[in-house]
Every structure is written in structure tokens, then in C-alpha cells.
Amino acid sequence: MATTPQQPLAVGLVGAGRMGSFHAESLARRIPGARLAAVADPAPGAAQGLADRLGCPRALTDIGELLTDPGIDAVVIATPARTHANLVEAAARAGKAVYCEKPMAVTLDEADRAIAAAEEAGVALQVGFNRRFDAGFRAAHDKVAAGGIGTPQLLRSLTRDPRLVDPAPVPPWTIFLETLIHDFDTLRYLNPGAEPVEVFAMADALVRPDFRDRGLLDTAVVTIRFDNGAMATAEANFQAVYGYDVRGEVFGSAGMLTMGDIRRTHLTGYGADGVTADCVSYDQDLFHDAYVAELADFTSCVRTGTTPAVTGHNARAALSIALAAIQSVTTSSPVLIDGIKE
């Protein structure tokens with residue numbers, strides 16, 4: 001699908017929660033080539049409240065009505081993770097270009113069906129791995145790809161969320177499927193041309209050990225071996241008391257690159273209590289520009305008919321690592337990527 005340069009892309013948003021609200025605001029106010037044409041959410045009042053706030057003309061509780069609306073060119077999916085794959089399929093079969101928040105799917109079968117639906121319909125499918133659109137992570141990728149640090153040997157990516165409010169509603173394996181999925185994609189992105197071959201993972205409930213018996217895993221470390229010989233670690237924790245901490249590192253034969261800075265600004269205080277800095281405590285603050293840039297890229301790709309920077313195949317590859325990590329925790333042993341079981 002391609003539109004004229006003068007015609008904004010009519011985008012429908014599915015899911016009016018925290019991330020959906022941010023994307024809706026970007027579509028309504030931050031991306032000139034797009035317009036927020038409709039919001040759908042089955043929760044009573046959720047879509048209407050968001051639509052009213054942003055001046056969106058349509059609010060729906062029936063997601064299917066939005067997906068089949070001929071006036072909608074593209075769909076942004078920001079619903080709970082376990083619903084993503086089916087919505088991608090439905091939107092693609094309705095002829096809509098699709099932007100889907102991560103993870104695109106939670107099983108390989110779901111991922112394959114979502115990818116096939118988009119390819120069969122000939123529509124764009126982009127997945128929300130925002131770190132690829134962060135200026136620092138993108139610059140690191142470009143430098144590694146250009147040989148700027150020689151051959152990658154050691155890589156690291158970490159995600160530490162600011163706090164774990166209520167563990168009760170956290171679905172099983174969330175730390176791999178919804179948190180570390182970002183880090184798995186990041187490690188592939190920072191080691192361009194290489195693919196993971198083996199995974200070993202450890203995980204436990206260290207933040208809330210009282211929920212361990214209920215299946216909570218709030219802390220994890222994953223090691224990954226790539227086919228170019230590089231070794232990587234990914235780690236996550238659901239409660240960093242100092243803020244939202246996301247960083248990356250690539251060590252190579254000719255140098256090293258580091259990414260990520262939790263400081264809100266470059267202001268540093270020096271006083272009787274030591275050295276201090278204000279820290280970011282919210283993902284939409286740390287990655288504000290990246291979140292906007294990925295939707296702008298999606299809009300541009302749909303309008304021009306080009307392939308998105310982050311495809312369903314990228315999402316499937318990250319999911320393969322996540323599923324291998326889950327199997328590794330379950331079996332307490334290393335797992336080959338090509339031998340994972342769902």
C-alpha cells in the first residue's frame with residue numbers, strides 16, 4: 001500500500017493502555033505523515049477516553065470493526081502480549097499494514113502464522129523493538145557493521161525495570177517473552193550477520209521470593225553463543241530502585257562500544273553526600289524519541305511501499321532465543337537454538 005505524499009496515513013490503534021496511549025499521541029500529534037483515525041479497546045470507556053483526549057473521530061469496543069474498516073490503512077497493535085499474533089493475522093487478512101508491539105508472538109507456530117499472513121496479503125509488518133531506533137544503539141550497530149571495532153567477541157545487554165508493583169498478574173515466563181525479548185533482539189542487532197546457536201539461562205524470584213512458588217521469575221541471566229564465535233550475556237531484573245536501566249556493550253578485537261545512560265540529564269551534583277544525578281524511571285522517558293521514530297519509520301514504509309526496518313522475521317528470531325532460554329531454565333542445561341521445543 002502506498003499513499004500520495006499529501007495524504008496522511010489513516011491509522012487505527014488497537015489497545016488503549018499505557019503503551020497504546022503513547023502511540024496514539026504520537027500518531028495524533030508527532031508524526032506528520034499519519035493521522036489517528038480510530039481507537040479500539042474492549043474495556044468500557046478506554047477507547048472513548050483516549051479518543052476524546054486526542055480528538056480522534058472514532059472510538060470502538062469491537063476490535064473487529066476497526067480491523068475491517070475500509071477507511072483504515074494501517075493498524076497499530078498495543079494489546080496484551082498473548083493477543084498479538086491473532087490480531088496481526090486478522091489485520092493482515094483485512095489488508096491492513098501492521099505495526100505490532102513486542103512480542104509479536106509467544107510460540108513459533110504463532111510467529112509463522114503471523115508472518116505468513118502478512119506476506120500473503122502483501123502488507124507491511126513491523127515489530128516494536130525500539131532500541132534499534134535509539135540514536136546510541138543505532139550508531140553502535142552502524143559502527144560494528146562497518147568494522148569499527150573489529151570482530152565482535154563479547155556482547156552484553158541488560159534491562160532493569162524500576163519497580164515490581166504487584167507480581168500477581170505477571171504471566172509465566174514474562175521475563176523472557178516480554179522483557180528480555182528486547183535484549184535478545186538487541187544482541188542480534190549489535191552482532192550483524194551473526195545468528196545465535198546455543199543458549200543457557202538461569203532465573204529466579206529474587207525481588208519477590210514469596211511469589212516463587214506461584215511461578216514468578218523476576219531476575220534472569222542468559223548466555224548466548226553466536227555462529228561467528230561471539231559470546232553474549234543478557235540480564236534482567238524487575239526492580240532497580242534507582243530507575244529504569246537499559247544498557248548495551250560490544251567488545252571487539254579492535255575496541256569497545258557502550259550504550260545507554262540512566263541519567264535524566266548530564267547534570268551531576270557534587271556535595272557532602274557524594275556524587276548524585278537524577279535518573280530516568282520510565283521507559284517512555286528514556287526511549288521517547290525511539291518510540292516516535294519507530295512509528296514514523298513504519299508510516300513512511302507503508303506510504304512508500306518499502307520494507308520496515310524491523311520485520312516479523314526479526315521478531316521470530318528473538319522469540320527463538322526466548323523459547324530456548326525457557327527450555328534451558330526448565331531443563332537446567334544448555335539448549336541449541338535449532339532444537340528448541342515449544
Side-chain angles (χ1 to χ4, degrees), residues 1-4 9-15 23 27 33-34 37-38 40 63-133 141 177-178 181-182 184-186 188-189 192-196 293-324 337-338 340 342:
M1 178 189 303
T3 61
T4 65
L9 194 73
V11 184
L13 175 80
V14 180
H23 287 325
L27 292 166
I63 293 174
E65 187 177 343
L66 184 150
L67 297 181
T68 57
D69 183 345
I72 300 292
D73 300 315
V75 172
V76 170
I77 297 170
T79 54
R82 273 71 176 170
T83 67
H84 288 176
N86 286 340
L87 289 172
V88 170
E89 277 193 85
R93 287 174 178 161
K96 315 300 185 191
V98 183
Y99 173 95
C100 181
E101 265 304 325
K102 59 76 193 170
M104 181 189 69
V106 295
T107 71
L108 293 182
D109 179 64
E110 285 184 346
D112 289 339
R113 287 191 283 108
I115 292 168
E119 291 179 347
E120 288 168 8
V123 298
L125 170 57
Q126 181 168 323
V127 181
F129 287 122
N130 57 74
R131 292 177 206 181
R132 290 179 179 239
F133 293 89
H141 164 270
L177 295 170
E178 299 186 44
I181 197 84
H182 271 301
F184 300 149
D185 179 71
T186 297
R188 290 186 67 248
Y189 183 58
E195 292 296 343
E294 63 184 353
L295 268 191
D297 180 71
F298 171 68
T299 299
S300 174
C301 289
V302 178
R303 287 164 58 85
T304 60
T306 54
T307 301
V310 190
T311 66
H313 294 284
N314 295 129
R316 188 190 192 281
L319 176 62
S320 294
I321 303 174
L323 293 173
I337 289 287
D338 63 3
I340 64 169
E342 298 201 55

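For the single chain, residues carry numbers from 1 onward in sequence order.
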For Leu177 and Ala322 the tightest heavy-atom approach is CD2-CB, 4.1 Å

Heavy-atom nearest pair, Ala40 first then Leu66, reads CB-CD1, 3.7 Å

Pairs under 3.5 angstrom only: tabulate donor-acceptor contacts from the side chains of residues 126-133 to other protein residues two or more places apart or in another chain.
residue : atom : partner : partner atom : Å
Gln126  : NE2  : Glu294  : O            : 3.0
Arg131  : NH1  : Thr159  : OG1          : 3.2
Arg131  : NH1  : Asp183  : OD1          : 3.1
Arg131  : NH2  : Thr159  : OG1          : 2.7
Arg132  : NE   : Asp185  : OD1          : 3.3
Arg132  : NE   : Asp185  : OD2          : 2.8
Arg132  : NH2  : Asp185  : OD1          : 2.8

Nearest heavy-atom approach of Ala81 to Pro103 is CB-CD, 3.6 Å

task: Would you check if there is a donor-acceptor pair between the side chains of Asn314 and Thr311 at a distance under 3.5 Å?
output: yes

Between Ser300 and Thr306 the two heavy atoms that sit nearest each other are O-OG1, 4.4 Å

Answer yes or no: is there a side-chain heavy-atom contact under 4.5 Å between Leu323 and Ile337?
no

**Request:** Report yes if the side chains of His313 and Glu119 come closer than 4.5 Å at any heavy-atom pair, otherwise no.
**Result:** yes

Does any non-hydrogen side-chain atom of Thr83 lie less than 4.5 Å from one of Ile77?
no

Here the salt bridge (charged side-chain N to carboxylate O under 4.0 Å, His left out) pairs for residues 306-317, sequence neighbours left out, are Asp112-Arg316

Q) Does Leu67 reach the side chain of Lys96, with side-chain heavy atoms less than 4.5 Å apart? A) no

The reported gap from CG in Asn86 to CD in Glu110 (rounded to nearest 0.5 angstrom) is 6.0 Å

* Asked: Yes or no on side-chain contact (heavy atoms from CB on, under 4.5 Å) for Arg188 and Ile321, after CA distance, side-chain angles and deciding distance?
  -> CA-CA 10 Å; Arg188 290 186 67 248; Ile321 303 174; 4.2 Å; yes

Value for CZ (Phe298) from CG (Leu9), rounded to nearest 0.5 Å, stands at 7.0 Å

Going by heavy atoms in the side chains, are Val11 and His23 under 4.5 Å from each other?
no

Output for pair (Thr68 OG1, Ile63 CD1), nearest 0.5 Å, gives 12.0 Å

In short, Asp297 meets Ala309 closest at the heavy-atom pair OD2-N, 3.6 Å

Check: Where do Glu178 and Lys102 land on the salt bridge (charged side-chain N to carboxylate O under 4.0 Å, His left out) test, with the steps shown first?
Finding: CA-CA 7 Å; Glu178 299 186 44; Lys102 59 76 193 170; 5.0 Å; no

Are side-chain heavy atoms of Met104 and Ile115 found at a separation under 4.5 Å? yes

Smallest heavy-atom separation, Val98 atom then Ala92 atom, equals CG2-N, 4.1 Å

